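Single-structure report; data block below.
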Protein chains: 2
Amino acid sequence: MAATIRDVAQVTGVHISTVSRSFSAPHLVNEATRGRVLAAAARLGYRPNRAARALTTGRTYNIGLIVANIANPYFPPLIKAAQAHARERDYHVFVADTDEDPAVEEELVHALAKQVDGVVLASPRVGNRLIEQLARSVTLVLVNRRVEGLPAVLMDMRGGTRQVIEHLARLGHTRLAFAGGPPGAWTNREMRRAAAASARAMGLTLEVLGPHHPTENGGAAAAEEVVRTGATGVTCYNDLMALGLAERLGELGVRVPEDVSVVGVDDISPSRHTRPKLTTLAMPTAAAGRLAVDMLLQLAGDPDASNATATLDVALVVRDSTGPARRS
Amino acid sequence: MAATIRDVAQVTGVHISTVSRSFSAPHLVNEATRGRVLAAAARLGYRPNRAARALTTGRTYNIGLIVANIANPYFPPLIKAAQAHARERDYHVFVADTDEDPAVEEELVHALAKQVDGVVLASPRVGNRLIEQLARSVTLVLVNRRVEGLPAVLMDMRGGTRQVIEHLARLGHTRLAFAGGPPGAWTNREMRRAAAASARAMGLTLEVLGPHHPTENGGAAAAEEVVRTGATGVTCYNDLMALGLAERLGELGVRVPEDVSVVGVDDISPSRHTRPKLTTLAMPTAAAGRLAVDMLLQLAGDPDASNATATLDVALVVRDSTGPARRS
DNA sequence: ACAGTTACTGCAAGCGCTTGTCATTCGCCC
DNA sequence: GGGCGAATGACAAGCGCTTGCAGTAACTGT
């Protein structure tokens with residue numbers, strides 16, 4: 001059996017409350033006494049039981065991190081950064097994967113609610129309505145989703161998408177397509193709108209494809225559509241889809257970028273290795289993870305801290321999957 | 001404030017113990033009573049507080065999963081599978097990243113110990129001695145590490161490595177090299193030994209390089225060594241290193257696979273996209289994650305369940321980074 | 001009709017810890 | 001030397017829940 005506060009108190013010859021305060025309110029106990037307590041604790045290998053502490057204080061020192069799909073290379077850097085950042089602040093993190101299923105997402109928030117001081121909901125797939133409701137039972141910080149009144153860290157998808165369209169336009173493309181991802185994703189909506197607006201402003205046509213599953217298979221599924229529409233420039237919901245799209249286009253005898261230019265979003269690591277290397281929008285996922293944790297801990301400590309939302313810049317990385325439009 | 005067991009009891013007009021039993025020992029309470037309790041609970045949105053429950057039962061229904069590096073594509077499939085599997089069994093999982101640091105690893109096990117029913121230690125970097133000691137304070141299941149008396153899920157690295165060497169030998173390579181990874185990794189030791197043994201048995205020379213960091217940079221760092229030794233067949237600790245190595249070799253004017261054949265280990269997703277596509281050993285990481293969770297829950301439920309260790313098969317995937325030896 | 005079950009349900013202690021309250025002790029001042 | 005406040009530490013209630021024990025009522029068989 002692990003040592004409890006009582007063991008330490010007994011060994012030291014003080015009351016358990018003194019032991020407790022030696023850890024959580026050092027200034028309230030005599031320096032010498034505290035020294036003896038700490039020594040005894042160290043000797044016994046005593047560590048306060050966080051769960052028990054949480055029972056009285058209401059603070060668990062745990063947070064939840066819910067993501068759509070751990071296996072999507074977009075998330076690991078975010079998870080890693082969030083976890084490391086939390087750990088430095090003495091927080092542990094529950095990581096959960098919804099497998100893109102909104103129902104699972106909702107259930108997870110509820111299940112985790114009691115065990116955490118708050119949860120970071122990354123790229124949620126549930127509706128805004130439900131999010132607002134969930135936010136009433138647990139402190140929430142959103143990533144990649146804007147909901148009135150809730151703290152969030154966002155990426156500048158509009159600016160980024162505009163850069164992509166401009167890039168394509170500069171290369172002479174006039175017929176564009178957007179291969180859409182999950183309909184529930186805020187990012188998807190932002191991109192779709194921004195792409196449509198930019199294309200219109202520049203006098204280009206833009207076909208919206210999808211929705212597709214945000215994976216290589218989903219991208220592959222969009223390939224035929226692309227061919228059918230005759231678009232020469234395609235921007236995808238994410239890199240995974242772009243990769244699958246490029247691969248499938250190759251199989252269909254369509255060369256990238258000679259015949260069709262393909263752009264991804266996320267700049268996940270595989271995109272740097274493919275041939276052609278993928279032109280993409282790089283997302284500051286690690287920074288987003290850290291920032292989300294910061295906001296969450298802030299809020300957890302002080303319930304009416306500001307509910308600010310931060311928007312992070314994204315950067316267009318031009319590589320080899322985009323090139324001059326073929327003259328028709 | 002969230003509803004507690006007391007609220008439910010009050011609304012239903014029964015004692016809290018009856019409410020408690022309605023959830024955890026249904027057969028002990030009258031069907032009609034239980035129905036009223038459940039209805040009231042649903043109406044109030046009551047959910048038992050797991051932390052409070054754990055305090056008396058000693059079971060948290062949480063597990064820990066500690067990995068060396070979340071950002072290494074090897075781990076996400078394992079994490080995802082383990083998490084999903086655990087969730088189906090009503091367990092939540094703390095995921096922690098040690099960033100390859102043994103000290104962090106030890107600290108994490110200790111910090112998590114009180115909050116979990118056990119922890120899965122994937123690809124540990126700490127020494128066996130310490131692992132044995134840690135196992136005394138928390139139920140442990142190892143992945144990619146063999147320690148006498150502890151449950152583990154292993155990969156058949158010896159068989160796999162032998163396959164790699166044989167593959168290279170068949171292609172006519174006689175001067176081989178092994179680009180080693182973290183010295184603390186069991187996998188690394190197994191591979192090194194198996195490679196040496198196989199090479200010896202087949203009359204080939206094998207140079208051991210490293211240790212190197214198990215990343216693309218580490219692989220790149222091994223490139224000069226490879227050139228210096230004149231090896232024409234190189235097998236690496238993992239895919240990340242193989243990718244970095246191949247890339248750097250290209251920069252040095254060495255062609256893969258014409259001049260040097262490169263083999264990786266793990267079959268992470270980027271390896272399928274590079275040009276040339278990487279020949280590698282595929283590891284059943286998702287299965288390993290599920291199995292580790294199964295073993296852990298088994299052990300958590302029944303402390304003296306068998307401490308079996310399972311060994312999973314790995315498969316050589318021949319792609320384009322290996323080819324016939326150039327005749328000298 | 002009665003002892004012996006059986007089926008529920010209530011009671012209360014206690015899991016490991018925090019914290020408001022109170023009793024002592026001590027140093028210090030006038 | 002008496003009085004005061006600060007410093008220190010003990011007490012005990014209580015966080016939300018489980019569980020051994022005991023009480024009650026209805027039911028069984030004879």
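Source: prediction; values computed, not measured. Naming convention: chains lettered A, B, ... in sequence-line order (proteins, then strands); numbering from 1 in each chain. Reckoned from all heavy atoms, side chains included, excluding hydrogens, waters and symmetry mates.
Among the nucleotides C/dC8, C/dT19, D/dG9, the one closest to the side chain of A/V29 is D/dG9. Taking only side-chain atoms of A/T4, from C-beta outward, the nucleotide of C/dC11, C/dT21, C/dC17 with the closest atom is C/dC17. Closest to the side chain of B/H15, from the set D/dA10, C/dA12, D/dG9, is C/dA12. For A/L55, the listed nucleotide lying nearest its side chain is D/dC15; candidates were C/dC11, D/dC15, D/dC17. In this structure, the nucleotide among D/dC15, C/dT19, D/dC17 sitting nearest to the side chain of A/S20 is C/dT19. For B/V14, taking side-chain heavy atoms from C-beta onward, the closest of the listed nucleotides D/dG9, C/dC15, C/dG10 is C/dG10. Side-chain proximity of B/T57 to D/dT19, C/dT18, C/dT9: nearest is D/dT19. Listed nucleotides: D/dA10, C/dT18, C/dG10. Nearest to the side chain of A/T18: D/dA10. Residue B/I5 places its side chain closer to D/dG16 than to any other of D/dA10, D/dG16, C/dC17. Picking from D/dT8, C/dT9, C/dC17 the nucleotide with the shortest atom distance to the side chain of B/T33 gives C/dT9.
Between the C1' atom of D/dG16 and the CZ atom of B/R53 lies a distance of 11 Å, rounded to the nearest Å.
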Practice problem: Using Watson-Crick or G-U wobble pairs with both distances under 3.5 Å, give me DNA chain D in dot-bracket, 5' to 3', with [ ] for crossers and | for pairs to another strand. | Solution: ||||||||||||||||||||||||||||||
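From B/L65, atom CG reaches atom CZ of B/F75 across 9.0 Å, with rounding to the nearest 0.5 Å. Within the model, atoms CG of B/D117 and OG1 of B/T57 stand 8.0 Å from one another, a figure rounded to the nearest 0.5 Å. Atoms CE and CG, from B/M295 and B/L299 in turn, are 8.0 Å apart once rounded to the nearest 0.5 Å. The OG1 atom of A/T285 sits 12.0 Å away from the NZ atom of A/K80 when rounded to the nearest 0.5 Å. Expressed to the nearest 0.5 Å, how far CG of A/N144 lies from CG of A/N188 amounts to 11.5 Å.
Residue contacts shown for B/F23 are absent, as no nucleic acid heavy atom lies under 4.0 Å away. B/L28 comes within contact range of at least one nucleobase, with a heavy-atom separation under 4.0 Å.
Between B/H92 and A/F94, the ring-plane angle classifies as perpendicular under the 30° and 60° cut-offs.
OP1 or OP2 of D/dC17 lies within a sub-4.0 Å distance of a side-chain N or O belonging to B/Y46.
In terms of position on DNA chain C, the residue among A/R21 and A/R50 whose nearest nucleotide sits closer to the 5' end is A/R50.
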Quiz item: Going through the checks in order, is the side-chain hydrogen bond (donor to acceptor under 3.5 Å, both in side chains) test met by A/N128 and A/R146?
Solution: CA-CA 8 Å; A/N128 283 7; A/R146 166 173 217 109; over 6 Å; no
